Amino acid sequence: MKKYFIVSLVKNGILGGGIVADSEAITYHTGKVTVPQEYRHLVMKYEDICEVTKGWLLILPTVTVKMRNGQEYKFAVFFSRKRFINTLRDMGVNG
């Protein structure tokens, strides 16, 4: 069962988009052509995620996803940050 979240990737600004969570990974999607290609369809497999932390960016709630390869992605989660984190925990990600 897929779950959908409205988020923005925080990378050289706030890049609007969304995350789809399925049984294998979370995938960030954006249709903005000004976003570098590597971030337009960003797949983060659950087994590659080593840590998830909550935070704030001014008034926006954020979730930072740290990958085993050292990459780090911060997302501003506009609705249901708790449900997003619970989805990751249900899939075995530590947070």
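These numbers were taken from a predicted model, which means no experiment stands behind them.
- Pairs of residues two or more places apart, or lying in two chains, that qualify as ring-ring contact (aromatic ring centres under 6.0 Å, His included) and include a residue from residues 27-54 are Y28-F75, H29-H41.
- With sequence neighbours excluded, the residues forming a salt bridge (charged side-chain N to carboxylate O under 4.0 Å, His left out) with K66 are E51, listed by chain and number.
- Within the 4.5 Å cutoff, no side-chain heavy atoms of V52 are placed close to those of T64.
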Before you tell me yes or no, could you show the steps for K54 and I85 under side chain to side chain contact (heavy atoms under 4.5 Å, CB included), namely the whole-Å CA-CA distance, both residues' side-chain angles and the distance that decides it to 0.1 Å? CA-CA 9 Å; K54 296 188 297 185; I85 291 173; 3.0 Å; yes
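- Considering only heavy atoms from C-beta on, M44 comes within 4.5 Å of V65 through its side chain.
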Return a table of donor-acceptor pairs under 3.5 angstrom between the side chains of residues 76-83 and protein atoms on other chains or two or more places apart.
unit_1 : atom_1 : unit_2 : atom_2 : d
R81    : NH1    : G55    : O      : 2.8
R81    : NH1    : T62    : O      : 3.2
R83    : NH2    : Y4     : O      : 3.1

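- Each of F84 and V43 belongs to its own hydrophobic cluster when Ile, Leu, Val, Met, Phe, Trp and Tyr are linked at side-chain heavy-atom distances under 4.5 angstrom.
- Applying the salt bridge (charged side-chain N to carboxylate O under 4.0 Å, His left out) rule to pairs touching residues 31-48 yields nothing, sequence neighbours excluded.
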Using residues 5-23 as the side-chain source, report each donor-acceptor pair under 3.5 Å to any protein atom, sequence neighbours left out, with the distance given to one decimal.
unit_1 : atom_1 : unit_2 : atom_2 : d
D22    : OD1    : E24    : N      : 2.9
D22    : OD1    : A25    : N      : 2.9

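- Between the CD1 atom in I26 and the NZ atom in K3 there is a gap of 12.5 Å [rounded to 0.5 Å].
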